[in-house]
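Below is one structure; the comments refer to it alone.
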Amino acid sequence: MPDVTLLNIGRTIRVPDGETILSAALAEGIDYPHGCKSGRCGICKSRRASGDVDLLDHSRFALTPAERDAGLILACRAVPKGSASVAWLEDEDTARHPVRSIEAEVVGTELLTHDILRLRLKGGSPPLQFAPGQYATLELPGETSRDYSMANAPGAEVVEFHVRRVPGGRTSGAIHDRLQTGDRVWLTGPRGAANLRAGHTGPILAVAGGSGLAPILSILESAVAQGMRQPIRVYIGGRDERDLYGLDRLARLAAQHGDMTVTPVLSAPSAPTDRRTGFLHTVVHADLQAFDGWKCYTAGPPAMIDALTEVVLARGLQREDLHADVFFTPTTAPRSVEIAAAD
Ligand SMILES: Cc1cc2nc3c(=O)[nH]c(=O)nc-3n(C[C@H](O)[C@H](O)[C@H](O)COP(=O)(O)OP(=O)(O)OC[C@H]3O[C@@H](n4cnc5c(N)ncnc54)[C@H](O)[C@@H]3O)c2cc1C
Ligand code: FES
């Protein structure tokens, strides 16, 4: 079992054989910066100061070959081969609320679409604190815990989540079928670093696929409440009309803000429609030419995030200005490349 020293906090942890540095750190209760846990978002990017690691499959946007050659790794994909030391890259903008586990009571459930449920939870003293765009791990008795993004602005007593029923999905199915007002669940968080950067003054692109609208709503509500007045372009996607939700809430925010546009996009409409059609990334590509100085917040399925990432980076968005939450159930990919110490 290799020892890995986390230089940011001066702590050494034991990483069980075959496990990643991130999973071992999280199991120790360490607030290691991370988002997707699958090598897609780049939030866990770290500098390898010493030691060798196997780096599991990852997207080239999360870690470019040049970054890899320069000694950077993704903690969520790095399986140490022996003792090592690493430091995550500090992001001054990243909000740092302490991770807590709180027991919360279900105070409401409501279908927003045929397969997306709004779940409202109340609990904790004080209630869960988080930055807009972050997520928490939800645990129901007898079920595997899963991550869900907060869907309202921080500071309220009640925290809202939007849970899509994944076909055959264990936990999302249990949330839809079993949870009722008065039930109790556990929430652990906040987690993630795809949160609103309130100091940013350039334009904002916000792109949500399906229940990916949850963190985007939290971000937009907070941006408007905090008086951020730069142009905001919002794109939300679903297959058909019945998959869209939140349009009234977005329309109210747009009216309050003054320079926010909201573009719903249908990828597979079953009837003629006045909406934009196609994939989210193709519509963004058609509408917006350059992203120099922008920030992009996005959440949704992995394929959508990958395609959008390609478009926005090709059009000038800086990698550090892309803040993505990839909705999926983490797995450990079997394929890996070996990263050897340079020294
Ligand atoms: C950082 C983060 C934030 C998230 N936030 C949200 C959120 O706000 N709302 C939300 O609805 N979900 C969110 N998710 C996804 C959520 O955590 C679960 O992955 C999802 O609910 C499926 O869990 P399950 O137990 O129902 O399905 P599982 O039993 O894990 O999976 C069943 C089958 O479905 C496949 N599958 C798993 N996830 C998906 C998916 N998302 N789409 C299609 N197929 C899938 C699996 O490969 C498997 O074959 C988030 C994920 C992450 C990592
Ligand atoms: S790339 Fe590691 S958490 Fe996303």
Side-chain angles (χ1 to χ4, degrees), residues 20-23 25-26 32-46 55-64 67-68 72-78 86 88-89 91 94 112-113 115-119 130 133-140 142-152 159-178 187-195 208-219 239 243 245-246 298-306 309 319 322-333:
T20 66
I21 296 174
L22 179 69
S23 69
L26 295 179
Y32 205 115
H34 69 281
C36 69
K37 297 186 228 165
S38 67
R40 292 176 184 278
C41 71
I43 293 169
C44 67
K45 201 179 292 178
S46 304
L55 201 55
L56 305 178
D57 224 13
H58 58 84
S59 111
R60 71 189 177 90
F61 300 113
L63 189 73
T64 64
E67 288 174 320
R68 223 168 55 193
L72 298 184
I73 59 166
L74 298 172
C76 73
R77 305 274 82 195
V86 301
W88 61 74
L89 305 187
D91 181 349
T94 301
L112 295 167
T113 72
D115 65 355
I116 298 177
L117 181 88
R118 174 155 79 158
L119 173 65
F130 61 94
Q134 287 193 293
Y135 65 91
T137 305
L138 185 70
E139 193 180 340
L140 276 65
E143 292 298 340
T144 312
S145 56
R146 295 277 184 249
D147 299 329
Y148 295 100
S149 305
M150 279 66 87
N152 53 344
V159 186
E160 174 178 335
F161 297 88
H162 299 166
V163 179
R164 187 175 81 87
R165 181 198 287 272
V166 169
R170 211 185 138 151
T171 303
S172 63
I175 291 170
H176 274 251
D177 295 336
R178 270 189 23 210
L187 271 182
T188 303
R191 294 186 159 135
N195 56 283
S211 56
L213 185 55
I216 296 299
L217 275 170
S218 177
I219 284 171
R239 284 175 58 78
D243 297 308
Y245 74 98
T298 182
M304 180 218 113
I305 305 278
D306 278 352
T309 301
R319 181 63 190 79
L322 177 60
H323 307 288
D325 257 336
V326 188
F327 285 10
F328 79 111
T329 301
T331 53
T332 302

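These values consider heavy atoms only, across backbone and side chains, with no hydrogens, waters or symmetry-generated copies. Start at 1 and go down the list; that is how both ligands and their atoms are numbered. This one's a predicted model, so the numbers in the text were calculated from it and none came from an experiment.
- Between Met150 atom CE and Phe161 atom CZ the span is 5.5 Å, to the nearest 0.5 Å.
- Of all the listed residues (Thr137, Val166, Leu138), Val166 holds the heavy atom that lies closest to atom 35 (C) of ligand 1.
- Side-chain atoms of Thr137 and Asp147 form a donor-acceptor pair, as typed in the model, at a separation below 3.5 Å.
- A distance of 8.5 Å separates CD1 of Ile219 from NE2 of His323, quoted to the nearest 0.5 Å.
- Contact analysis puts Val326 in contact with ligand 1, with a non-hydrogen atom separation below 4.0 angstrom.
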(request) Given ring pair (Phe, Tyr, Trp, His ring centres under 6.0 Å), test Tyr245 with His162 step by step and report yes or no. (result) CA-CA 11 Å; Tyr245 74 98; His162 299 166; 5.2 Å; yes

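- Of all protein heavy atoms, the one closest to atom 1 (S) of ligand 2 is Gly42 N, 3.2 Å.
- Contacts between Arg40 and ligand 2, counted as non-hydrogen atom pairs separated by less than 4.0 Å, involve the backbone only.
- Residues Tyr32 and Ser46 have side chains that bring a donor and an acceptor to within less than 3.5 angstrom of each other.
- Residue Lys37 approaches ligand 2 through these ligand atoms, each under 4.0 Å from one of its heavy atoms: 3 (S), 4 (Fe).
- The residue among Asp147, Thr144, Leu117, Ile43 with a heavy atom at the shortest distance from atom 50 (C) of ligand 1 is Asp147.
- Note on His58: not counted as a metal contact of atom 2 (Fe) of ligand 2, no N/O/S atom lying under 2.8 Å.
- The ligand atoms of ligand 1 that sit less than 4.0 angstrom from a heavy atom of Arg146 are 17 (O), 18 (C), 23 (O), 24 (P), 25 (O), 28 (P), 29 (O), 30 (O).
- Those atoms of ligand 2 that come under 4.0 Å of a heavy atom in Gly39, given as number and element, are 1 (S).
- Within the listing of ligand 1, atoms 9 (N), 10 (C), 11 (O) sit less than 4.0 angstrom from a heavy atom of Ser211.
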(request) With side chain to side chain contact (heavy atoms under 4.5 Å, CB included) as the test, would you mind laying out the steps for Arg191 and Gln134 before giving the verdict? (result) CA-CA 6 Å; Arg191 294 186 159 135; Gln134 287 193 293; 5.8 Å; no

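- Residue contacts with ligand 1 for His162 involve N, CA, C or O but no side-chain atom from C-beta outward (heavy atoms, distance under 4.0 Å).
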(message) Run Val166 and Arg164 through side chain to side chain contact (heavy atoms under 4.5 Å, CB included) and show every step you take.
(response) CA-CA 6 Å; Val166 169; Arg164 187 175 81 87; 4.0 Å; yes

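- Considering backbone and side-chain N/O atoms, Ser172 comes within less than 3.5 Å of an N/O atom of ligand 1.
- Vertex atom 4 (Fe) of ligand 2, arms ending at SG of Cys41 and SG of Cys36: the angle is 100° after rounding to 10 degrees.
- By the 3.5 Å distance cut-off applied to N or O atoms, Cys36 is not counted among the residues near ligand 1.
- From Ser23, atom OG reaches atom NZ of Lys37 across 9.5 Å, with rounding to the nearest 0.5 Å.
- When all heavy atoms of Ser218 and Gly133 are compared, the closest pair comes out as OG-N, 3.6 Å.
- With rounding to the nearest 0.5 angstrom, the CD1 atom of Ile175 is 12.0 Å from the CZ atom of Arg170.
- To the nearest 0.5 Å, atom CG of residue Leu187 and atom OG of residue Ser145 are 11.0 Å apart.
- Residue Arg170 has at least one nitrogen or oxygen atom sitting less than 3.5 Å from a nitrogen or oxygen atom of ligand 1, judged on distance alone.
- With 2.8 Å as the limit, Cys44 counts as an N, O or S neighbour of atom 2 (Fe) of ligand 2.
- The Val163 neighbourhood of ligand 1 comprises atoms 11 (O), with distances under 4.0 Å to a heavy atom of that residue.
- Taking 4.0 Å as the cut-off, Tyr135 counts as a neighbour of ligand 1 on heavy-atom distance.
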